[in-house]
Asker: 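Mind having a look at this structure? Questions to follow.
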Amino acid sequence: MKKKILKGSSVIVILFVIICGLIFLKYANGITLIQLHDNSTRQMMGYLITSKDETIVIDGGLKEDAQNLIDNINRIGGGKVDYWFITHPHMDHAQAFIEIVQNTNIEIGKVYVTLNEMDWYRQYESERIEEIENFFNTIQSEKIKSKVEEVQLGQIIEINNLKCEILGVKNPEITTNAINNSSMVIKMDINDKTLLFLADTGKESGEKLLEAQKDKLKADIVQMAHHGQNGVDENVYKVISPEICLWPTPEWLWNNDPGTGYNTGTWKTLETRAWMEAIGVKENYVEKDGDITLRIW
Ligand SMILES: [Zn+2]
């Protein structure tokens, strides 16, 4: 009788060890994601992801945001970035990258871009041509040009067990809100979790995404398009149906407050916040609250 009880308890101990081992393995095979905070009075977007010993950056923010990004790359990535995705060349996404390439020794492995012809930028967003030229000059510089790759729609980039799929690239035929609507959209699968980075995708390219990729949009975690306002429409978010929202949104924009009080501006952030609440989003992580680190496994 005593032996039988011992046998039974040994089985329980072995099962417990196996389950703990499996949980640990899954955790160890996860990723760490840092949403970087804003360091100026403007909006920005920057994410740093680590998958085992590989470091991935999505955008990075303005020049003012570069030092915080550098500190995080040194602390987490040991001074190197293996994969850098630049979703589009607007300065609030690409200027920290330019600063790091031009003025630091941070080692960069691969740079993924989606870019229209220079004349297209001149034609459709001439008022921002200087920042676009700065970006082009940087990626064409001797230091980095061999590392730059134009992504293709549907391309899959595997980084350890993190699978990145390119769901959206440049859309030269969309000429309203042109550069934002030519944002790279990246879906990331890690274990059984899915993350979707919409960058600054606008209404028009959001509709295109919905038409062409509807069955691929569902995600557990979504980066809110265009800093959480005036990005994709509610129907896109309904299809994504996320549990967690990442908001690259500074405080003034989060509160739609241009300095004259809560919800006195013209930004659509509060409307977007209401959509996500109605969808049943459980957690919101907002840029205004500082660097936020999540373990996803
Ligand atoms: Zn932006």
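All of these numbers come straight from a predicted model, not from anything done at the bench. For ligands, and for the atoms within them, numbers begin at 1 and follow the listed sequence. When reading the values below, keep in mind they use all heavy atoms of this one structure, side chains included, and skip hydrogens, waters and symmetry mates. Throughout, residue positions are numbered sequentially from 1 according to the sequence presented.
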Asker: Tell me which N, O or S atom from Asp200 is the closest to the Zn ion (ligand 1).
Answerer: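 When I compare the N, O and S atoms of Asp200, OD2 is nearest to the Zn ion (ligand 1).
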Asker: Regarding Asp92 and His227, is there a side-chain donor-to-acceptor distance under 3.5 Å anywhere?
Answerer: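 Distance-only check passes for Asp92 and His227.
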Asker: Linking I/L/V/M/F/W/Y whenever their side-chain heavy atoms sit closer than 4.5 Å, directly or via other members, would Val232 and Trp254 fall into one cluster?
Answerer: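 Yes, same cluster.
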Asker: Restricting to N/O/S atoms, is His227 within less than 2.8 Å of the Zn ion (ligand 1) or not?
Answerer: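 True for His227.
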Asker: Please report the interatomic distance CD1(Ile49) to CD1(Ile76), rounded to the nearest 0.5 Å.
Answerer: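 It is 12.5 Å, given to the nearest 0.5 Å.
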Asker: To make sure I understand the geometry: which N, O or S atom in Asp92 is closest to the Zn ion (ligand 1)?
Answerer: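 The Zn ion (ligand 1) is closest to the Asp92 atom OD2, counting only N, O or S.
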Asker: With the side chain counted from C-beta on, respond yes when Ile132 and Ile179 share a heavy-atom pair under 4.5 Å apart, and no when they do not.
Answerer: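 In short, these two side chains touch, coming nearer than 4.5 Å.
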Asker: Can you tell me if, anywhere in His93, an N/O/S atom lies at a distance from the Zn ion (ligand 1) that is smaller than 2.8 Å?
Answerer: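 His93 does place an N, O or S atom closer than 2.8 Å to the Zn ion (ligand 1).
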